Q: 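Following this message is one structure expressed as structure tokens.
Not measured: the values here are computed from a predicted model. Lettering follows sequence order; numbering is per chain, from 1.
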Protein chains: 2
Amino acid sequence: MKIGELAEKSGLTAHTLRYYEKSGLLKASGRSASNYRIYTKGDLETARFIKRARTIGFSMDEVGTFLSIRSDLPKHVCADAKALADTKIKEVKHQIEELQSVLKALHRLSDACCGGSESAEYCTIIEALEHEDPVPMQH
Amino acid sequence: MKIGELAEKSGLTAHTLRYYEKSGLLKASGRSASNYRIYTKGDLETARFIKRARTIGFSMDEVGTFLSIRSDLPKHVCADAKALADTKIKEVKHQIEELQSVLKALHRLSDACCGGSESAEYCTIIEALEHEDPVPMQH
DNA sequence: CTTGACCTTAGACTATACTCTAACCTCTAA
DNA sequence: TTAGAGGTTAGAGTATAGTCTAAGGTCAAG
């Protein structure tokens with residue numbers, strides 16, 4: 001199949017597929033006489049694999065690692081794949097914690113403010129930003 | 001004071017301060033005879049204001065809005081400031097929810113995998129990425 | 001034979017928030 | 001006077017993941 005069909009079947013765009021090729025994630029299996037990219041059913045499965053992994057939150061780099069495991073399973077062990085997942089879990093947990101501390105800081109700002117049509121001269125939000133030290137966001 | 005001193009006192013770098021000037025967040029109050037940026041105590045307070053707002057999670061654009069409120073408080077009402085905070089709260093909550101669904105998907109991957117030194121030929125993580133439809137991440 | 005849909009490439013652009021570089025100028029202290 | 005610290009500018013680079021454009025080639029149908 002040509003790139004348009006793969007795009008439709010995989011839910012990616014042709015642009016993105018070419019970009020993935022340039023990035024080394026998914027190379028077309030061949031070329032037609034007129035130099036069109038030709039993809040196989042296996043390529044479609046790979047495209048879907050990539051899309052699922054991206055949706056779950058893996059970066060293109062991490063997807064690349066999965067693909068290299070996938071391309072030669074007997075050479076790899078479960079621990080290889082699990083390590084990727086577990087590292088990602090730690091990262092995501094950390095991001096959630098950060099956002100929760102941001103949320104707390106925002107609530108402290110918002111809850112103290114009347115939010116009414118009073119002049120902002122004594123607005124507690126502006127006040128707090130003038131003087132309060134926010135919980136630092138570490139990353 | 002010159003940019004270096006302001007950098008030290010505000011916790012921003014001179015680079016960042018110049019960048020903020022270019023972006024319209026914080027302009028130096030004046031220039032010396034030798035064209036050095038000259039900042040006042042008021043500028044220092046503004047720099048700290050910006051830093052606090054950024055730390056809490058506001059974008060540079062949003063900080064700009066806060067600054068325009070702050071620069072003429074009588075013209076604005078509490079609702080203006082609170083609206084910014086509450087919009088941000090919604091955004092952050094949404095991001096947290098997204099990450100939590102990502103985390104769930106990751107746990108589903110990881111928990112099913114033995115993680116041992118068995119060959120990856122039957123690795124459930126790879127399997128899942130081949131076939132399972134992940135919870136889509138909406139944004 | 002032409003129209004329109006689809007394909008090709010290299011390369012520029014988007015967004016966010018810096019971060020750094022090169023080449024040059026200024027100021028202070030020894 | 002000279003070294004070194006610190007200042008100036010425009011502009012490029014970093015990171016991520018696309019997204020789009022221009023200029024052209026290919027193919028099937030009418």
Q: Could you give the CG-to-C1' distance, from A:L6 to C:dC6, as a whole number of Å?
A: 15 Å

Q: Just compare C:dT19, D:dT19, D:dT9 and give me whichever is closest to any side-chain atom of B:R37.
A: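 For the B:R37 side chain, the nearest candidate turns out to be D:dT9.
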
Q: Could you list, one pair per line, each protein nitrogen or oxygen that sits under 3.5 Å from a nitrogen or oxygen of nucleotides 26-30 of chain C, together with the distance?
A:
residue	atom	partner	partner atom	Å
C:dT26	O4'	B:Y36	OH	3.1
C:dT26	O3'	B:S34	OG	3.4
C:dC27	OP1	B:S34	OG	2.8

Q: Round to a whole Å and report the spacing from CE of A:M1 to C1' of C:dC6.
A: 16 Å

Q: Just by distance, do the side chain of B:S59 and the backbone of B:E62 share a donor-acceptor pair under 3.5 Å?
A: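 Yes.
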
Q: If you define the side chain from C-beta out and look only at heavy atoms, does anything of B:R54 sit under 4.5 Å from B:Y20?
A: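 Of all side-chain heavy-atom pairs linking B:Y20 with B:R54, at least one is under 4.5 Å.
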
Q: Do the numbers put B:R31 on top of the ring of B:Y36, so that NZ or CZ is under 6.0 Å from the six-membered ring centre and no more than 45° off the axis?
A: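 No, a cation-pi geometry is absent between B:R31 and B:Y36.
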
Q: Contact class for A:S23 (heavy atom, under 4.0 Å): base, sugar-phosphate, or nothing?
A: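 No contact.
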
Q: Whether the A:S29 and A:R37 side chains hold a donor-acceptor pair (N or O, under 3.5 Å, no angle test) is what I'd like checked.
A: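 No donor-acceptor contact under 3.5 Å links the two side chains.
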
Q: Rounded to whole Å, how long is the line connecting atom CZ of B:R31 with atom P of C:dC25?
A: 16 Å

Q: Measure from CZ on A:F58 to C1' on D:dT16 and round the result to the nearest Å.
A: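 Result: 17 Å.
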
Q: Mind calculating the distance between NZ (B:K22) and C1' (C:dT19) to the nearest angstrom?
A: 11 Å

Q: Figure out the CG/P separation between A:D61 and D:dA15, and round it to whole Å.
A: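 To the nearest whole Å, that distance equals 11 Å.
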
Q: In terms of hydrophobic clusters joined by side-chain contacts under 4.5 Å, are B:L99 and A:L84 together?
A: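 Linked, B:L99 and A:L84 end up in one cluster.
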
Q: For B:T16 and B:T13, does a side-chain donor sit closer than 3.5 Å to a side-chain acceptor?
A: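 Their side chains do contain a donor-acceptor pair, which is all the 3.5 Å distance test asks for.
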
Q: Which part of the nucleic acid, if any, lies within contact of B:R18, taking any heavy atom under 4.0 Å across all strands shown: a base, the sugar-phosphate backbone alone, or nothing?
A: base

Q: Give the rounded distance in Å between these two atoms: CD of A:E8 and C1' of C:dC7.
A: 16 Å

Q: Does A:E130 pair with B:R70 as a salt bridge, N-O distance under 4.0 Å?
A: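 Result for this pair is yes, salt bridge flagged.
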
Q: Picking from C:dC20, C:dT9, D:dG18, which would you name as closest to the side chain of B:H15?
A: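 The nucleotide sitting nearest to the side chain is C:dC20.
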
